[in-house]
Amino acid sequence: MRIATWNVNSLNVRLPHVLDWLRENPVEVLALQETKLVDAKFPVEALRAAGYEAIYAGQSAYNGVAVLSRLPISAVRTGLPGFEDPQQRVLACTIGPLRLVNLYVPNGQAVGSDKYAYKLAWLAQLRDYLQTELANHPQLAVVGDFNIAPEDRDVHDPAAWAGQVLCSEPERAALGALLDLGLRDSLRLHEAAGGIYSWWDYRMQAFRRKRGLRIDLILVSPALAERCVESRVDAIPRGWERPSDHAPVIAGFAPLDGV
DNA sequence: ATGGTCGTCTCACGA
């Protein structure tokens, strides 16, 4: 089973890329962030024709998360329990033996800003939620745009980014608290090298200059980590015409235990 | 050269 996550920065604009990518990479599950679509405008039919069922939690203009799956989806929930929020950033579901939590973590704008405080509060609530999900679902994957580069090897210029939003110590500590639950960063199960990124700013020709950050992650529970045989970023779509600023991340698993 | 680009609810804001 292969799963993937991709911040598409408007599914309205990026639907052709998603369909093209799925033709080449027919993963069982694709989690999307920043769909920026109200639910009434979600392209259910185009995705069904491509072989994918969809669930989605959208809003106008900002945020929005969705899960596409070749297999039936059940036990759907949106949002963080105990955290009232009109921003659509969390979508959890069960697909066969897999429990999936799809996240669009707040960006945080700048260290010290109101949005940064919201990000840290959100991440603290997320930790409690994931503790519960992990207790209920041993085969748990937590995927999405985390808007945090875990370590300096995930940053093209760590000195320039030191202390900045996406790299600050409180953000990394909040991510560390998720890892302390027992979740593992799947890419690091297989790859120790730096220079692997999933997001490149649209400005300054950052992609051409290889100036990126790895902020899109697939975290896996211990039972999934044992079965994880592959995890990588597919940077190719970032080079397509009119791309998202993020690339898809893929993880592959040996057959999972049935539910 | 202290910006530079995208997407959207577009002359402003969020990322």
Side-chain angles (χ1 to χ4, degrees), chain A residues 5-21 31-43 46 56-66 79-80 83 85-91 102-123 126 143-150 154-168 170-172 174-175 197-217 233 235-249:
Chain A
T5 178
W6 194 1
N7 179 325
V8 291
N9 186 20
S10 169
L11 185 57
N12 189 41
V13 173
R14 230 65 67 189
L15 180 61
H17 282 197
V18 171
L19 294 172
D20 286 348
W21 189 81
L32 303 175
Q33 304 85 35
E34 285 206 86
T35 55
K36 299 186 176 180
L37 279 179
V38 294
D39 290 349
K41 293 188 176 177
F42 199 88
Y56 35 89
Q59 64 183 89
S60 182
Y62 300 110
N63 308 310
V65 282
L80 291 179
F83 196 92
D85 193 350
Q87 301 186 32
Q88 298 285 11
R89 298 181 175 278
V90 183
L91 184 57
N102 178 22
L103 302 177
Y104 175 46
V105 175
N107 171 280
Q109 192 176 54
V111 173
S113 67
D114 289 349
K115 290 188 177 69
Y116 183 78
Y118 163 74
K119 181 180 193 174
L120 294 180
W122 192 97
L123 285 164
L126 174 67
V143 312
D145 176 0
F146 283 72
N147 268 316
I148 302 170
D154 302 308
V155 180
H156 67 86
D157 185 348
W161 280 90
Q164 302 295 308
V165 74
L166 311 187
C167 297
S168 74
E171 292 166 87
R172 285 178 169 176
L175 179 61
Y197 308 129
S198 67
W199 169 80
W200 300 260
D201 200 300
Y202 282 124
R203 294 166 288 190
M204 300 173 69
Q205 302 182 83
F207 181 64
R208 187 183 61 73
R209 297 163 65 197
K210 305 185 190 303
R211 297 173 64 84
L213 272 64
R214 191 174 69 91
I215 58 177
D216 299 270
L217 308 176
V233 177
I236 290 174
R238 185 62 178 82
W240 290 348
E241 191 176 342
R242 207 178 181 195
S244 169
D245 46 351
H246 296 251
V249 181

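Order of the sequence lines fixes the chain letters, A, B, ..., with proteins taken first and strands second; residue numbering starts at 1 for each chain.
Taking atom C1' in both B:dG7 and B:dA1, the straight-line distance is 26 Å, to the nearest Å. B:dC11 and B:dG3 are spaced 22 Å apart, taking the P atom of each and rounding to whole Å. Annotation: B:dG4 and B:dC9 have their C1' atoms spaced 25 Å apart (nearest Å). For the C1' atom pair drawn from B:dA15 and B:dT10, the interatomic distance equals 15 Å after rounding to whole Å.
Contact of the A:Trp122 side chain with the A:Val90 side chain is registered, since non-hydrogen atoms from C-beta on lie closer than 4.5 Å.
Per the geometry, CZ belonging to A:Arg211 stands 16 Å off P belonging to B:dG3, to the nearest Å. Protein atom CD of A:Gln205 is 19 Å distant from nucleotide atom P of B:dG3, rounded to whole Å. Taking atom CD of A:Glu241 as the reference point, atom C1' of B:dT5 lies 15 Å away to the nearest angstrom. As rounded to whole Å, 12 Å separates atom C1' of B:dC6 from atom CH2 of A:Trp199.
When the side chain to side chain contact (heavy atoms under 4.5 Å, CB included) test is applied to A:Ala206, the partners found at least two apart in sequence or on another chain are A:Trp200, A:Asp201, A:Arg211. Partners of A:Tyr56 according to the ring pair (Phe, Tyr, Trp, His ring centres under 6.0 Å) rule, which considers only residues two or more places apart in sequence or in another chain, are A:Phe42. Residues satisfying the side chain to side chain contact (heavy atoms under 4.5 Å, CB included) test with A:Lys210, not counting sequence neighbours, are none. Judged as a ring pair (Phe, Tyr, Trp, His ring centres under 6.0 Å), and not counting sequence neighbours, A:Tyr62 has no contacts.
Within the structure, the side chain to side chain donor-acceptor pair (under 3.5 Å) test picks out the following pairs touching residues 106-117 of chain A (sequence neighbours left out): A:Tyr116-A:Ser168.
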Given protein heavy atoms under 4.0 Å, the one-letter contact record of nucleotides 7-15 of chain B, with B base, S sugar-phosphate only and - none, is simply SSB----SB
